[in-house]
Amino acid sequence: PDPTVKQEETLAAYDKLIGAGKVRHIGASNYDAPLLAEALKLSEAKNLPRYQTLQNEFNLYTRDRYEGAVQDLVVKEGLSCIPYYSLAAGFLTGKYRSEKDLGKSPRGKGAAKYLDDKGVRILTALDKVAARTGAAHGEIALAWINAQPGIAAPIASATSVGQLQGLARGARMVLSKEDAKLLTDAGR
């Protein structure tokens, strides 16, 4: 969101881009529920393009930017969410379990903020689900996101073919109700 530009102006600019054939559908990123609701009301009232998707941060650790009012609005209005940081800077792959692990990759330092009690609870839950399913931690974390209402697909990056294959397995994986609850509860 840009607080210096009115939403109506932004939506009108999207209308021109759609009219010119440069854009088919529009989405918003990092919107909270009141801002998204305002945009949807403006679209309806002024006959302007309507956001079809939302891109907010969302993963097993960071859930407050989507869960709750935003998620409720996305579902109610028939939008989708394509969350970013789905693997929490690689933390949810299980490779960062201590300060000494942060040097394993250039991104490791970004995972430091997850090394707290909540992060340990999540890793423990991922360990349990991995032991039961044989799936990798990252696959399980993506499967959990995909099971949440309103999610279209999580954004996750791969730096190797093996990682890409794991992301694909995670996209197809379906968690049991018990495993989904264990993971959900661990991240609270």
Side-chain angles (χ1 to χ4, degrees), residues 1 27-33 36 53-72 74-75 80-188:
S29 183
N30 296 320
Y31 273 44
D32 61 17
L36 183 58
T53 192
L54 179 69
Q55 185 183 53
N56 280 12
E57 182 177 1
F58 181 58
N59 57 57
L60 274 165
Y61 189 97
T62 305
R63 294 162 44 177
D64 61 332
R65 295 179 184 126
Y66 178 66
E67 278 186 346
V70 174
Q71 184 177 31
D72 293 345
V74 164
V75 171
S80 66
C81 181
I82 305 170
Y84 64 88
Y85 288 158
S86 299
L87 296 176
F91 176 76
L92 297 173
T93 65
K95 69 180 174 183
Y96 305 113
R97 294 177 173 268
S98 69
E99 292 287 328
K100 66 178 182 150
D101 292 335
L102 300 178
K104 288 182 175 179
S105 78
R107 293 184 183 181
K109 288 185 177 61
K113 66 182 176 183
Y114 304 110
L115 289 173
D116 58 12
D117 290 342
K118 180 178 175 180
V120 170
R121 284 193 317 270
I122 292 168
L123 289 178
T124 300
L126 286 167
D127 290 341
K128 289 176 182 175
V129 176
R132 276 197 290 277
T133 64
H137 287 62
E139 296 167 16
I140 297 163
L142 294 177
W144 179 85
I145 290 174
N146 281 334
Q148 305 310 305
I151 298 296
I155 297 172
S157 61
T159 58
S160 70
V161 172
Q163 287 179 357
L164 181 60
Q165 291 167 337
L167 296 178
R169 285 189 299 274
R172 291 187 300 268
M173 183 178 186
V174 177
L175 296 169
S176 70
K177 286 183 182 182
E178 296 79 15
D179 287 342
K181 182 178 181 341
L182 175 70
L183 294 164
T184 299
D185 292 348
R188 289 202 166 124

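For the numbers below, each heavy atom of this structure counts, side chains included, while hydrogens, waters and symmetry mates do not. Given the structure is predicted, the values throughout are model-derived calculations rather than measurements.
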Do [X] and [Y] have side-chain heavy atoms sitting under 4.5 Å apart?
| X | Y | answer |
| --- | --- | --- |
| R63 | R188 | yes |
| Y31 | V74 | no |
| L126 | L60 | yes |
| V129 | H137 | no |
| C81 | Y66 | yes |
| M173 | L142 | no |
| Q163 | T93 | no |
| L87 | L167 | yes |

Quiz item: If you round to the nearest 0.5 Å, how far is CG of L183 from CD1 of I145?
Solution: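 Interatomic distance, I145 CD1 to L183 CG, rounded to 0.5 Å: 11.0 Å.
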Quiz prompt | Rounded distance [0.5 Å steps], OG1 in T184 versus NZ in K177 | solution = 13.0 Å
Counting N and O atoms only, with roles assigned by atom type, does the side chain of [X] sit under 3.5 Å from a partner on the main chain of [Y], one being a donor and the other an acceptor?
| X | Y | value |
| --- | --- | --- |
| D101 | R97 | yes |
| K95 | K104 | no |
| Q71 | P149 | yes |
| S80 | T53 | no |
| N30 | N56 | no |

What is the minimum heavy-atom distance between [X] and [Y], and which atoms define it?
| X | Y | value |
| --- | --- | --- |
| E67 | F58 | CG-CE1, 3.7 Å |
| A135 | A130 | O-CB, 3.3 Å |
| A111 | Y96 | CB-CD1, 3.6 Å |

Quiz item: Is there any side-chain hydrogen bond (donor to acceptor under 3.5 Å, both in side chains) pair reaching into residues 113-125, and which pairs are they, with sequence neighbours excluded?
Solution: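 Of all non-adjacent pairs touching residues 113-125, those that pass side-chain hydrogen bond (donor to acceptor under 3.5 Å, both in side chains) are Y61-D116.
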Quiz item: Taking N59 as the fixed residue, which of W144, F91, Y85 is the one that meets the side-chain contact (heavy atoms from CB on, under 4.5 Å) rule?
Solution: Y85
Exercise. Could you check I155 against Q55 for side-chain contact (heavy atoms from CB on, under 4.5 Å), going step by step and ending with a plain yes or no?
Key: CA-CA 9 Å; I155 297 172; Q55 185 183 53; 2.8 Å; yes
